[in-house]
There are 2 protein chains.
Amino acid sequence: MNNSKVKPTASELEILNILWSKGPSTVREIHEVLELNKDAGYTTTLKLMQIMNEKSLVKRDETSKSHVYSANVSKELMQGQMVKGMIDTMFNGSASQLVMQALGNHKADAKELDEIRKYLDLMDNKK
Amino acid sequence: MNNSKVKPTASELEILNILWSKGPSTVREIHEVLELNKDAGYTTTLKLMQIMNEKSLVKRDETSKSHVYSANVSKELMQGQMVKGMIDTMFNGSASQLVMQALGNHKADAKELDEIRKYLDLMDNKK
DNA sequence: TTGTACTTACGAAATAATTCGTACGTTTGT
DNA sequence: ACAAACGTACGAATTATTTCGTAAGTACAA
């Protein structure tokens, strides 16, 4: 997993998500998942994945006739990039503002809140 | 401030950010700020703002010759939409996962961490 | 008055992203 | 062997976004 600053489009992100959760997949496998939510032809998916390959967002194994694609950027890295973008453009660079917005509007159950507390304590210790 | 589910493009978001921080402004005022970071002509900015007006992302006061534009969606609302989108597409619907990603990679100082703690406690009380 | 500067409106070019048709090759079942 | 099914490649149409040129109106100073 290399690759520094590529920004996937919305469609590309959908595909990456599938690859992250399913692991290496053929175009058809990806396409079948995509079909559940949207409606586009097979060659559309194929083309997208070919482009993603050129951009090195995915890599592909051409050993067998049906090429097998896998993500070439980690989900964590991409999450990081996107969260950073969001903090910079919408939260004046303040991570905690984002955090509060996220907590305010989206229910987290008690267990999750506890995890976050632990996390906060952990960060204090680091100093 | 009305308007439900419009998704601003990146350029539109830049303009909204300026409007949110400066308040109602003319095209020229906005353009002067934009010019600091990018380089595009005046009519480009104008056109963009006209389109945003059609989409009701902004509203405009045509009383004086130089029309005065202001945001027609609140920053908070937009933050909410975007955070939600992010949580749904990149964090499996879990707000706390986003929170931890945000805290993990982006320094928040001690004061901010305390604010977050207070916030967490407050949420517990609500139950 | 005349001309310079500024404004809006708007069509259309330039660019980016998505979608699809079609060609062409390989595999598989009969 | 042959057709049907399935795979890749790829040019090009479609759609979305960004950019700009030009026309036309108004204010204002010389």
Side-chain angles (χ1 to χ4, degrees), chain A residues 5-19 22 24-70 72-73 78 81-82 85 89, chain B residues 5-19 22 24-70 72-73 78 81-82 85 89:
Chain A
K5 272 293 169 42
V6 221
K7 191 188 303 170
T9 66
S11 307
E12 290 171 343
L13 211 45
E14 284 183 307
I15 290 175
L16 281 176
N17 265 311
I18 298 170
L19 286 174
K22 283 177 48 72
S25 311
T26 63
V27 173
R28 179 145 309 276
E29 290 167 335
I30 298 295
H31 182 63
E32 269 159 12
V33 178
L34 285 179
E35 260 181 331
L36 301 176
N37 303 311
K38 59 185 325 195
D39 130 53
Y42 174 82
T43 55
T44 300
T45 304
L46 172 64
K47 179 74 165 190
L48 263 172
M49 294 180 74
Q50 285 169 342
I51 289 170
M52 292 172 77
N53 187 45
E54 279 164 20
K55 293 193 197 174
S56 297
L57 278 172
V58 299
K59 57 179 181 297
R60 77 178 164 197
D61 175 350
E62 307 182 0
T63 307
S64 35
K65 174 160 182 274
S66 295
H67 300 173
V68 175
Y69 290 76
S70 47
N72 195 36
V73 285
M78 195 55 72
Q81 275 190 216
M82 297 188 70
T89 67
Chain B
K5 273 293 169 43
V6 220
K7 190 187 306 170
T9 67
S11 308
E12 290 171 342
L13 210 45
E14 285 183 306
I15 291 175
L16 280 176
N17 266 310
I18 298 170
L19 286 174
K22 283 178 47 70
S25 311
T26 62
V27 173
R28 179 145 307 275
E29 289 167 334
I30 297 295
H31 182 62
E32 269 160 12
V33 178
L34 285 179
E35 261 181 331
L36 301 177
N37 302 312
K38 60 187 321 196
D39 129 56
Y42 174 82
T43 55
T44 301
T45 304
L46 171 65
K47 179 72 163 193
L48 221 31
M49 294 180 75
Q50 285 170 340
I51 290 171
M52 290 172 78
N53 187 47
E54 278 163 22
K55 292 191 194 173
S56 296
L57 279 171
V58 299
K59 56 179 181 297
R60 79 178 164 197
D61 175 352
E62 307 182 0
T63 306
S64 34
K65 176 161 179 274
S66 295
H67 299 174
V68 175
Y69 290 75
S70 47
N72 195 38
V73 284
M78 196 55 72
Q81 273 189 218
M82 297 188 69
T89 68

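The sequence lines fix the lettering, A, B, ..., with proteins before strands; numbering per chain opens at 1. Remember, it's a predicted structure, so these values are computed and weren't measured experimentally.
If you measure from atom CD of A:Glu62 to atom C1' of C:dT26, you get 15 Å, rounded to the nearest angstrom. D:dT19 atom P lies 9 Å from atom CG of B:Asp39, rounded to whole Å. Atom-to-atom, CG of B:Leu34 to P of D:dT19 comes out at 10 Å; the value is rounded to the nearest Å. We find that CD of A:Glu54 is positioned 11 Å from C1' of D:dA9, with the value rounded to whole Å. Between the NZ atom of A:Lys65 and the P atom of D:dA9 there is a distance of 11 Å, rounded to whole Å. In this structure, the CD1 atom of B:Ile30 is 17 Å from the C1' atom of D:dT18, given to the nearest Å. In this structure, the NE2 atom of A:His67 is 11 Å from the P atom of D:dC10, given to the nearest Å. Look at CD on B:Glu12: it is 10 Å from C1' on D:dT18, rounded to the nearest Å.
Between A:Arg28 and D:dG7 there is a side-chain N or O to OP1 or OP2 distance below 4.0 Å. The side chain of A:Arg60 contributes no N or O atom lying less than 4.0 Å from OP1 or OP2 of D:dG7. Between D:dT18 and B:Thr9, a contact under 4.0 Å exists linking OP1 or OP2 to a side-chain N or O.
Rounded to the nearest 0.5 angstrom, A:His31 NE2 and A:Ile15 CD1 are separated by 10.5 Å.
In this structure, B:Asn72 contributes its side chain and B:Lys59 its backbone to no donor-acceptor pair below 3.5 Å.
Looking at the side chain of A:Ser11, the nearest of the listed nucleotides D:dG7, D:dT18, C:dT18 is C:dT18.
Remark: B:Tyr42, B:Thr43, B:Leu46, B:Lys47, B:Gln50 in residues 41-50 of chain B come within less than 4.0 Å of DNA chain C through at least one heavy atom.
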